[in-house]
Amino acid sequence: MSSTNSPARVRFAPSPTGYLHIGGMRSALFNWLWARHTGGTFVLRLEDTDRNRLVEGAAEQIYASHRDLGITPDEGPEQGGQFGPYVQSERLDIYREHAEKLLESGAMYRCWCSPERLTKLREDAQKRGVAFKYDRHCLVPANRRPESEPHVLRFHIPDRPETVAWSDAVRARLEFRTEDLDDFVAMKADGYPTYQFANVVDDHLMQISHVLRADEWIPSTPKHILLYQAFGWEPPIFGHLPAVQGPTGGKKLSKRDGAQSVHEYLDEGYLPEALRSFLASLGWNDGTTQEVYTTDQLVDRFTLDRIQKSPARFDKDRLTWVNGVMLRQMPLQSLLEAAESFWPPVAAEYPTEYKTAVLGLVHERIKFLAEIPELTEFFFADPKPDPAPLTKQLDVTVAQSALERVIQALPSDWTEPALEHAIRPLAEKLDLKTGQLFGLLRIALTGRTAAPGLFETMAVLGHDVTLRRLNTALQTLR
RNA sequence: GGCCCCAUCGUCUAGAGGUCUAGGACAGCGGGUUUUCAGUCCGUCAACCGGGGUUCGAAUCCCCGUGGGGUCACCA
């Protein structure tokens with residue numbers, strides 16, 4: 001299948017009303033994957049026709065999210081392209097011009113109805129238990145008003161009852177009856193188009209071949225198709241993606257219930273590659289038992305027919321696992337680069353070689369980069385002296401003599417094997433269990449009960465620091 | 001409420017009539033490795049929403065329920 005697809009032109013069209021949450025990013029990723037898989041083009045278009053909901057800086061955040069996730073658009077507001085502009089508020093003339101055509105052909109009509117009247121209509125519909133449909137009041141010649149008065153442009157749903165159907169790339173045939181459709185507003189009174197209208201005009205003008213969008217758009221797709229027909233245009237292929245639900249399920253993922261921006265994950269040290277693999281698995285799989293994918297594999301195997309129909313829940317535990325797998329597979333050098341902005345402040349003065357050695361010890365245990373300070377802090381700063389944990393397992397005198405013996409036994413050959421050779425036998429001589437002695441030393445050296453292996457830790461810490469910390473521990477017991 | 005979509009372990013999913021006493025993975029639990037934690041290895045718990053059909057045979061097809069979700073804006 002992969003080689004038989006012609007290059008697709010796909011788009012992701014968010015509106016700048018806030019940051020992009022994970023569900024939105026998943027849609028963007030699917031579009032990007034399909035473009036890459038077919039050797040096509042990924043277009044980013046900003047749908048900013050609602051002036052009331054614009055959020056300062058949101059557009060920039062959206063651009064950044066794509067960049068940082070590694071799915072930079074081929075065409076868009078930032079990169080331009082031959083089908084621009086890619087911001088809808090800069091295309092007002094285009095919409096007006098096209099609206100004019102449909103006005104002339106009779107596919108659209110002017111409507112002067114007040115918000116109050118519409119609200120009343122809506123309430124009536126609710127009372128009667130039916131879906132709201134505009135009553136076409138302004139279609140009656142007697143109700144027409146001067147064109148100079150504020151009005152909107154409505155699309156005239158065909159009077160003849162018919163079925164509007166399309167073959168969805170994700171869920172086979174979908175159909176609606178025109179009787180159930182409302183004469184929706186295409187151009188608002190402020191001169192801006194609605195999504196329904198701008199979307200169709202732009203997708204056609206930008207030669208979009210596949211519209212892959214969230215399935216909440218299914219109910220408005222017949223309106224879009226009717227619009228294409230009114231223009232005499234060929235509709236694109238529609239593919240409606242299953243929703244991404246929050247961790248607790250139920251409602252669709254929204255920004256209030258734990259949904260987060262890509263940046264929050266990036267900031268926690270989730271790798272873009274891990275995010276891509278995990279996000280792809282939310283509603284798509286290749287049918288094998290493979291669980292983690294490189295992006296090349298994703299691009300190679302991504303096909304529309306393997307997109308899931310049912311909603312997927314966002315499971316952070318699984319993301320964390322994927323991230324851990326990728327972190328562990330990463331060469332130490334790459335990990336060092338990825339970790340750059342995650343070091344604790346105290347690490348600032350230390351040389352790269354030292355940090356590399358430290359990273360080598362936590363490489364196996366790290367799940368996301370933000371854990372680095374917690375995992376490595378004691379490599380850079382002495383633990384706070386505290387007698388309590390030192391004597392939790394052993395009484396003071398035993399702990400003291402153990403520390404003294406270890407200090408005396410420290411080898412001159414400061415290597416992991418030499419250290420182990422010198423210290424391990426001490427446990428038996430002191431009549432202690434290995435775990436008791438090692439536990440004591442671990443606390444003395446790191447201030448923690450959980451840390452990397454004792455001897456590798458000592459090897460990295462170096463002779464002087466090790467000796468100092470052991471002495472400090474001894475002092476606190478006196 | 002009208003219209004629409006969806007329905008396999010807690011979660012992500014495999015499954016396109018027989019190979020399903022339903023497979024993999026995450027999480028959970030138990031154990032091995034081991035100086036702790038993590039990792040790793042092994043094991044374990046756990047699902048076809050219900051009812052009717054169709055068929056020799058249904059998780060897979062059809063219908064009806066039920067449940068969940070979406071949508072009914074001069075928001076996208």
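Predicted model, so just to flag it, every value in this text is computed and none were measured. Protein chains get the first letters and strands the later ones, always in sequence-line order, with residue 1 at the start of each.
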A.B. asks: Within 45 degrees of the ring normal and closer than 6.0 Å to the centroid, is that where the cationic atom of Arg11(A) sits relative to Phe42(A)?
C.D. replies: no
A.B. asks: Would Arg51(A) count as a cation-pi partner of Tyr192(A), with NZ or CZ less than 6.0 Å from the six-membered ring centre and within 45° of the ring normal?
C.D. replies: yes
A.B. asks: Taking atom C1' in both A14(B) and U60(B), what distance in whole Å separates the two?
C.D. replies: 13 Å
A.B. asks: Between protein and nucleotides 74-76 of chain B, what N or O pairs are separated by less than 3.5 Å?
C.D. replies:
residue : atom : partner   : partner atom : Å
C74(B)  : OP1  : Arg122(A) : NH2          : 3.1
C74(B)  : O2   : Ala189(A) : N            : 2.8
C74(B)  : N4   : Cys113(A) : O            : 3.3
C75(B)  : OP2  : Lys188(A) : NZ           : 2.7
C75(B)  : O2'  : Asp50(A)  : OD2          : 2.8
C75(B)  : O2'  : Arg53(A)  : NE           : 3.3
C75(B)  : O2'  : Arg53(A)  : NH2          : 3.3
C75(B)  : O2   : Arg53(A)  : NH2          : 3.3
A76(B)  : OP1  : Thr49(A)  : OG1          : 2.7
A76(B)  : OP1  : Lys188(A) : NZ           : 2.7
A76(B)  : OP2  : Tyr195(A) : N            : 3.1
A76(B)  : O3'  : Glu47(A)  : OE1          : 3.1
A76(B)  : O2'  : Ser15(A)  : OG           : 3.3

A.B. asks: Name the pairing partner of A59(B), where a pair is Watson-Crick or G-U wobble with both distances under 3.5 Å, or state none.
C.D. replies: none
A.B. asks: Run the side chain to side chain contact (heavy atoms under 4.5 Å, CB included) test against Leu410(A) and tell me which residues pass, sequence neighbours left out.
C.D. replies: Val406(A), Trp414(A), Ile423(A), Met458(A), Leu467(A), Leu470(A)
A.B. asks: When all nucleic acid strands are considered with a 4.0 Å heavy-atom cut-off, which category describes Tyr192(A): base, sugar-phosphate, or nothing?
C.D. replies: nothing
A.B. asks: Would His98(A) and Phe197(A) count as a close aromatic pair, with their ring centres under 6.0 Å?
C.D. replies: no
A.B. asks: Between the side chain of Asp183(A) and the main-chain N/O of Ile157(A), is any donor-acceptor distance below 3.5 Å?
C.D. replies: yes
A.B. asks: Return the nucleotide paired to C74(B): Watson-Crick means purine N1 to pyrimidine N3 with N6-O4 or O6-N4, wobble means G-U with N1-O2 and O6-N3, both under 3.5 Å.
C.D. replies: none
A.B. asks: How many whole angstroms separate atom CZ of Arg313(A) from atom P of A7(B)?
C.D. replies: 15 Å
A.B. asks: Is a side-chain N or O of Lys133(A) found less than 3.5 angstrom from the main chain of Glu179(A), in a donor-acceptor match?
C.D. replies: yes
A.B. asks: Give the rounded distance in Å between these two atoms: CD of Gln245(A) and P of A7(B).
C.D. replies: 12 Å
A.B. asks: Report the distance from atom CG of Leu241(A) to atom P of C6(B), rounded to the nearest whole Å.
C.D. replies: 14 Å
A.B. asks: Are Arg306(A) and A16(B) close enough that a side-chain N or O sits under 4.0 Å from OP1 or OP2?
C.D. replies: no
A.B. asks: Between C1' on U8(B) and CG on Asn285(A), what's the gap in Å once rounded to a whole number?
C.D. replies: 13 Å
A.B. asks: Rounded to the nearest Å, what distance is computed from the CZ atom of residue Phe176(A) to the C1' atom of nucleotide C72(B)?
C.D. replies: 11 Å
A.B. asks: Mind calculating the distance between CG (Leu282(A)) and C1' (C12(B)) to the nearest angstrom?
C.D. replies: 7 Å
A.B. asks: Between G24(B) and G43(B), how far is it from one C1' atom to the other, in whole Å?
C.D. replies: 16 Å
A.B. asks: Is there a donor-acceptor pair under 3.5 Å between the side chain of Asn143(A) and the backbone N or O of Leu139(A)?
C.D. replies: no
A.B. asks: For Trp284(A) and Phe30(A), run ring pair (Phe, Tyr, Trp, His ring centres under 6.0 Å): C-alpha distance rounded to whole Å, both residues' side-chain angles, the deciding distance at 0.1 Å, then the answer.
C.D. replies: CA-CA 9 Å; Trp284(A) 177 86; Phe30(A) 277 27; 7.5 Å; no
A.B. asks: Decide whether Thr221(A) and Arg213(A) meet the rule of one side-chain donor and one side-chain acceptor closer than 3.5 Å.
C.D. replies: yes
A.B. asks: Using whole Å, what does the distance between atom P of nucleotide A14(B) and atom OH of Tyr293(A) come to?
C.D. replies: 10 Å
A.B. asks: How about Phe438(A) and Phe455(A): are their ring centres within less than 6.0 Å of each other?
C.D. replies: yes
A.B. asks: How would you label the contact of Arg177(A) with the nucleic acid (heavy atoms, under 4.0 Å): base, sugar-phosphate, or nothing?
C.D. replies: nothing
A.B. asks: Rounding to an integer number of angstrom, what distance separates G28(B) and C62(B) when you compare their C1' atoms?
C.D. replies: 39 Å
A.B. asks: Using a 4.0 Å cut-off on protein heavy atoms (strictly under), produce a 5'-to-3' string for nucleotides 23-39 of chain B with B for base contact, S for backbone-only sugar-phosphate contact, and - for none.
C.D. replies: -BBSS-------BBBBS
A.B. asks: Write down the distance separating the C1' atoms in U8(B) and C48(B), rounded off to the nearest Å.
C.D. replies: 4 Å
A.B. asks: With nearest nucleotides of RNA chain B determined for Ile218(A) and Val130(A) from heavy-atom distances, which residue corresponds to the more 5′ nucleotide?
C.D. replies: Val130(A)
A.B. asks: Suppose you measure atom P in A46(B) against the same atom in G10(B); what distance do you get, rounded to whole Å?
C.D. replies: 10 Å
A.B. asks: NZ of Lys309(A) versus P of U13(B): gap in Å, rounded?
C.D. replies: 12 Å
